[in-house]
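Here is the structure we will look at.
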Amino acid sequence: MLTLFLAIFACAESTLDHGFLQETNITLYVHDYFSGPNATTIAIGNPSDDHWVSDNFGAMYCKDSPMTETADPESDYVGRAQGTFVSAALDGSSSQVVLSLVFETNQFQGSTLQVQGAGAQFQRVRELSVVAGTGEFRYARGYATSETIYYDREANYSVAEWNITMEHYN
Ligand SMILES: *[C@@H]1O[C@H](CO)[C@@H](O)[C@H](O)[C@H]1NC(C)=O
Ligand SMILES: *[C@@H]1O[C@H](CO)[C@@H](O)[C@H](O)[C@H]1NC(C)=O
Ligand SMILES: *[C@@H]1O[C@H](CO)[C@@H](O)[C@H](O)[C@H]1NC(C)=O
Ligand SMILES: *[C@@H]1O[C@H](CO)[C@@H](O)[C@H](O)[C@H]1NC(C)=O
């Protein structure tokens, strides 16, 4: 009985070594440019042709898109959303998303979040998992919802709003 108690106590103590569990909410805006010399989202493999058809099963994309504080692309810079997504449903309804949110300014500078999951391409709001993090976000776990709030078909430019809710130790 005493051994069991000591074992539990030891576990509890090692958890505390990480600091305090806290909840953090972050809202940010990701700006995607799909064409031109300054494109931030590009096709890296497309089974049928090479134009922008993200619901083609097997189509692969890579992105390195700026993140800002508000929907205005000139608003304060936060960092970059970098990663890949692959259209991974036969009917194109979802893509496998693997992203690093790399924070480059303010209190989260140098920290990253790992976001992944099934991005429901035809849904207004997509939900992905926050599976891990570094820096301020070590041991992060949570979820992120995103919605395309602006899309300019002519300019091939879109803005997505992201709300991230997570627990992490600090
Ligand atoms: C974060 O957002 C969630 C969901 O909207 C809310 O329930 C929670 O109170 C918020 N937490 C903080 C610390 O703001
Ligand atoms: C691409 O970016 C460069 C460097 O910021 C800029 O000078 C140029 O005008 C941009 N081109 C377009 C088409 O936006
Ligand atoms: C983000 O949160 C705000 C405030 O709760 C809400 O109005 C908005 O719809 C949310 N957007 C997404 C993409 O979750
Ligand atoms: C937007 O993308 C389409 C299809 O790829 C292309 O034909 C068009 O020239 C692009 N527009 C601009 C402004 O780059």
Side-chain angles (χ1 to χ4, degrees), residues 15-16 18-44 50-52 54-55 61-85 87-89 92-109 111-170:
T15 306
L16 288 174
H18 304 319
F20 296 102
L21 187 62
Q22 66 178 68
E23 185 174 71
T24 297
N25 289 332
I26 297 174
T27 295
L28 50 79
Y29 295 82
V30 178
H31 302 265
D32 289 316
Y33 301 86
F34 304 120
S35 70
N38 298 334
T40 65
T41 301
I42 58 167
I44 52 173
D50 65 2
H51 78 277
W52 180 251
S54 60
D55 57 357
Y61 298 87
C62 187
K63 83 149 95 209
D64 178 3
S65 295
M67 310 189 294
T68 59
E69 294 264 354
T70 74
D72 179 352
E74 303 300 322
S75 65
D76 286 349
Y77 180 72
V78 172
R80 309 197 74 83
Q82 299 174 327
T84 56
F85 55 103
S87 187
S93 61
S94 93
S95 65
Q96 172 66 16
V97 179
V98 182
L99 280 180
S100 299
L101 305 186
V102 180
F103 293 82
E104 296 181 357
T105 60
N106 301 332
Q107 79 267 39
F108 302 134
Q109 182 172 19
S111 301
T112 66
L113 280 177
Q114 295 302 313
V115 173
Q116 68 179 57
Q121 303 206 87
F122 304 144
Q123 302 281 319
R124 192 175 57 82
V125 176
R126 284 89 59 184
E127 181 169 341
L128 298 167
S129 308
V130 172
V131 297
T134 64
E136 290 292 313
F137 301 130
R138 285 176 183 174
Y139 298 101
R141 238 162 42 128
Y143 62 93
T145 52
S146 75
E147 178 180 357
T148 301
I149 57 165
Y150 179 79
Y151 177 53
D152 185 334
R153 190 179 291 273
E154 300 283 296
N156 298 318
Y157 163 65
S158 71
V159 182
E161 177 177 76
W162 281 64
N163 288 337
I164 300 158
T165 298
M166 70 188 134
E167 291 183 331
H168 59 101
Y169 286 92
N170 205 349

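All values reported here derive from a predicted model rather than from experimental measurement. The chain is numbered in sequence order, starting from 1. Indexing begins at 1, ligand by ligand and atom by atom, following the structure's order.
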Inset, instruction - Please identify which atoms of ligand 3 are closer than 4.0 Å to at least one heavy atom of Ser146. - result: 13 (C)

Inset, instruction - Please determine if Glu23 has a nitrogen or oxygen closer than 3.5 Å to a nitrogen or oxygen of ligand 1. - result: yes

Legend entry - Side-chain donor or acceptor of Thr41 paired with backbone N/O of Lys63 under 3.5 Å: no

Inset, instruction - Please check atom 11 (N) of ligand 2 for a protein heavy-atom neighbour under 4.0 Å. - result: yes

Legend entry - Main-chain N/O of Phe108 paired with Asn106 side-chain donor or acceptor, under 3.5 Å: no

Legend entry - Identity of the nearest option to atom 13 (C) of ligand 2, non-hydrogen atoms only, from Ser35, Ala39, Pro37: Pro37

Inset, instruction - Using modelled atom types only, decide if a donor and an acceptor are shared between the side chain of Thr148 and the backbone of Tyr150 within a distance under 3.5 Å. - result: no

Inset, instruction - List the closest protein heavy-atom neighbour of atom 8 (C) of ligand 3: residue, atom name, distance to the nearest 0.1 Å. - result: Glu161 OE1, 3.4 Å

Inset, instruction - For atom 1 (C) of ligand 3, grab the closest protein heavy atom and report residue, atom and distance to one decimal in Å. - result: Asn163 ND2, 1.4 Å

Inset, instruction - Look at the side chain of Thr105 and the backbone N and O of Tyr77, then say whether any donor-acceptor pair between them is shorter than 3.5 Å. - result: yes

Legend entry - Identity and separation of the nearest protein heavy atom to atom 14 (O) of ligand 3: Thr145 OG1, 2.6 Å

Inset, instruction - Provide, to 0.1 Å, the distance between atom 9 (O) of ligand 2 and the closest protein heavy atom, together with that atom's residue and name. - result: Asn38 ND2, 4.7 Å

Inset, instruction - Give the residue, atom name and distance (to 0.1 Å) of the protein heavy atom nearest atom 6 (C) of ligand 1. - result: Asn25 ND2, 4.2 Å

Legend entry - Side chain Ser95, main chain Ser87, donor-acceptor under 3.5 Å: no

Inset, instruction - Flag atom 4 (C) of ligand 2 as yes if some protein heavy-atom distance to it falls below 4.0 Å, otherwise no. - result: no

Inset, instruction - Flag Glu147 as yes when one of its N or O atoms lies below 3.5 Å from any N or O atom of ligand 3, and as no otherwise. - result: no

Inset, instruction - Please check if atom CD in Gln22 has more than 12 non-hydrogen atoms from other residues, nucleotides or ligands closer than 6.0 Å. - result: yes

Inset, instruction - Using a strict 4.0 Å threshold on nitrogen-to-oxygen distance, state whether Arg124 and Glu147 make a salt bridge. - result: yes

Inset, instruction - Determine whether the aromatic ring centres of His168 and Tyr139 lie less than 6.0 Å apart. - result: no

